[in-house]
Amino acid sequence: MITHFAGLQLNTVSKLAVKQYYQDQLQFPVVFESETAITFQPTEHFAFTFTEVFEPVAPAHIAFEVPFSEFEASVAFVRSAGISLLRWPDGHEVDEFETGKNIYFRDGDGNLLEIITHSYVKEGVLASNGPLKVMYLREIGFPVEDVIGFREWLKINLQLRTIKEHDNFNFVIGGTAHTIVTSTQRRWIPIAMMALPPRMTVRLGVSDSSFIEQVRASLIEQAIVIQPDTDDDNELCFNLHGYRLCLLSAVYPKEAAALLNLPLR
């Protein structure tokens, strides 16, 4: 089964600008750097990589979960780092909804970043990391033309689940990983940003290697080309709806979703 987002790789037009933003302002630790790539480690279980490219970059949308009791401190840190929060049409910056709160801001490539918190998420299960207090990467946006087709493929082949289903926007969930399957015609809030499909590689942590073999067999049956990144049998990569997905067997707190009191566990 899918347990969490283990990694995300995005393109950038400036590795130096990425480093200044994520290391200097957000204070994400750097764990790897080359001439054209850099990897940050916001949490023990999530690696965030940028690769410099000479081509246009479509912005992605991601959301980090922070403890409910630490949300105000996270917001204060973002402000103190000199980062402007995005405003909703009526002018407010911190949004409150039935089960939590969130804020939005953007990096130099236009990626839409969200800090989100939920009152029902139990604290102390996963560590809150750095001054931003990140527990885990909760959401990655996947704009697609065929929302229903992509959603159903994830459910059937990766055993992800949904609470509610809509034709143009869905949370498709496995463990702490919430894939946002959204229509390219539905704009990202709060600034009505076009939902352009970004070039990205998403690494999904799985509970054991037997699940990877199960997915491998399904891909072969569907004639989906398997594109291994390494010689490691514990990692499986393939392209789907323009996105590169990799499954890897990774250590993650057992039954984290249940311990965190997430709705699907």
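Just so it is clear, the structure is predicted and the values come from calculations on it, not from any experiment.
For Glu35, the CD atom sits in a loose shell: 12 or fewer heavy atoms of surrounding residues, nucleotides or ligands are nearer than 6.0 Å. By the 6.0 Å contact criterion, CZ on Arg186 is enclosed, its count of non-hydrogen atoms from other residues, nucleotides or ligands being greater than 12. The number of heavy atoms from other shown groups lying within 6.0 Å of CD (Glu55) is above 12. The environment of CG in Asp167 is sparse: at most 12 heavy-atom neighbours from other residues, nucleotides or ligands sit within 6.0 Å.
You'll find the side chain of Asn239 stays beyond 4.5 Å of the side chain of Val225, heavy atoms only. No side-chain heavy atom of Ile173 sits less than 4.5 Å from a side-chain heavy atom of Arg161. The side-chain heavy atoms of Ile62 and Asn111, taken from C-beta on, include no pair separated by under 4.5 Å. Counting heavy atoms from C-beta outward, Thr49 and Phe32 have side chains that stay 4.5 Å or more apart. A heavy-atom distance below 4.5 Å is found between the side chains of Ile115 and Leu132. Counting heavy atoms from C-beta on, the side chains of Phe211 and Leu236 never come closer than 4.5 Å. Considering only heavy atoms from C-beta on, Gln227 comes within 4.5 Å of Arg244 through its side chain. Residues Lys155 and Val172 meet the side-chain proximity criterion, which asks for heavy atoms closer than 4.5 Å.
Taking all atoms of both residues into account, the shortest heavy-atom contact from Ala195 to Pro143 is O-CB, 3.4 Å. The minimum heavy-atom distance between Trp188 and Gly141, with the atom names listed, is CH2-CA, 3.8 Å. Pro197 and Thr184 make their closest contact through CG-CG2, 4.0 Å (heavy atoms, listed as atom of the first residue, atom of the second, distance). Of all heavy-atom pairs spanning Ala63 and Leu137, the tightest one is O-CD1, 3.3 Å. Shown here for Met193 and Gly110, the closest heavy-atom pair between the two residues is SD-O, 3.8 Å. The shortest heavy-atom contact between Ile189 and Leu112 is O-CD2, 3.5 Å.
If you chain together hydrophobic residues whose side chains sit under 4.5 Å apart, Leu259 and Met135 fall into the same group. Follow the hydrophobic side-chain contacts under 4.5 Å out from Leu247 and you reach Ile224 in the same cluster. By the criterion of side-chain heavy atoms lying less than 4.5 angstrom apart, applied directly or through intervening Ile, Leu, Val, Met, Phe, Trp or Tyr residues, Tyr243 is grouped together with Leu240 in one hydrophobic cluster. Both Trp153 and Ile220 are assigned to one and the same hydrophobic cluster, defined by single-linkage of ILVMFWY side chains at heavy-atom distances under 4.5 Å. Clustering ILVMFWY residues whenever any of their side-chain heavy atoms sit less than 4.5 angstrom apart, transitively, puts Val202 in the very cluster that holds Val147.
A distance-only check finds a donor-acceptor pair linking the side chain of Glu123 to the backbone of Ser69 [under 3.5 Å]. Side-chain atoms of Gln25 come within 3.5 Å of backbone N or O of Ala81 as a donor-acceptor pair. Judged purely by atom type and a 3.5 angstrom limit, Arg187 uses its side chain to pair as donor or acceptor with the backbone of Ala192. Looking at Gln159, its side chain never comes within 3.5 Å of a backbone N or O of Met1 through a donor-acceptor pair. Looking only at distances, no side-chain donor or acceptor of Ser128 sits under 3.5 Å from a matching main-chain atom of Lys133. At least one donor-acceptor pair under 3.5 Å links the side chain of Thr117 to the backbone N or O of Val66. Between the side chain of Tyr120 and the backbone N or O of Leu260, no donor-acceptor pair lies under 3.5 Å. Here the side chain of Glu152 pairs no donor or acceptor atom with the backbone of Ile148 at under 3.5 angstrom. Side chain of Arg151 to backbone of His166: a donor-acceptor contact under 3.5 angstrom is found. With hydrogens and angles disregarded, a donor-acceptor distance shorter than 3.5 Å links the side chain of Thr3 to the backbone of Gly205.
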| message | Between His241 and Asp146, is the side chain to side chain contact (heavy atoms under 4.5 Å, CB included) condition met? List the steps. | response | CA-CA 9 Å; His241 284 246; Asp146 182 6; 4.1 Å; yes
Under the criterion side chain to side chain contact (heavy atoms under 4.5 Å, CB included), I'd like the reasoning laid out for Asn170 against Phe142: C-alpha separation, chi angles, the key distance, then a yes or no.
CA-CA 10 Å; Asn170 300 266; Phe142 290 80; over 6 Å; no
Walk me through it: do Glu139 and Ile116 pass the test side chain to side chain contact (heavy atoms under 4.5 Å, CB included)?
CA-CA 10 Å; Glu139 301 169 11; Ile116 192 167; 4.0 Å; yes
Set out, in order, the CA-CA distance, both residues' side-chain angles and the distance that settles side chain to side chain contact (heavy atoms under 4.5 Å, CB included) for Tyr104 and Leu113, then state yes or no. CA-CA 6 Å; Tyr104 294 88; Leu113 309 181; over 6 Å; no
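Residue pairs meeting the salt bridge (charged side-chain N to carboxylate O under 4.0 Å, His left out) criterion with at least one member in residues 91-109, sequence neighbours excluded, are Glu72-Lys101, Arg79-Glu93, Arg87-Glu93.
For Trp88 and Phe97, the distance between ring centers is not under 6.0 angstrom. In summary, the aromatic rings of Phe64 and Phe28 are positioned with their centroids under 6.0 Å apart.
The residue from Val134, Leu8, Thr176 that alone fulfils the side-chain contact (heavy atoms from CB on, under 4.5 Å) condition with Phe46 is Leu8.
Here CD1 of Ile180 is found 7.0 Å from CD of Glu114. Values are rounded to the nearest 0.5 Å. Atom CG of Leu204 and atom CG of Leu160 lie 7.5 Å apart (nearest 0.5 Å). Rounding to the nearest 0.5 Å gives a distance of 7.5 Å between CG of Leu10 and CE of Met200. In this structure, OH on Tyr252 lies 4.5 Å from CG on Leu126, to the nearest 0.5 angstrom. Distance check: Ile226 CD1 to Leu219 CG gives 5.0 Å after rounding to the nearest 0.5 Å. Going from atom CD1 of Ile2 over to atom CG of Leu245 covers 9.0 Å, rounded to the nearest 0.5 Å.
Classified by interplanar angle (parallel below 30°, tilted 30° to 60°, perpendicular above 60°), the ring pair Phe171/Phe169 is perpendicular. Between Phe40 and Tyr22, the ring planes are tilted. Angles from 30° to 60° get that label. Between His4 and His45, the ring planes lie perpendicular to each other; the angle is over 60°, past the 30° to 60° tilted range.
Cluster partners of Val13 are Val53, Val57, counting Ile, Leu, Val, Met, Phe, Trp and Tyr whose side-chain heavy atoms approach within less than 4.5 Å, directly or via other members.
Asn129 and Glu44 are not linked by any side-chain donor-acceptor pair at a separation below 3.5 angstrom, with hydrogens and angles left out of the test.
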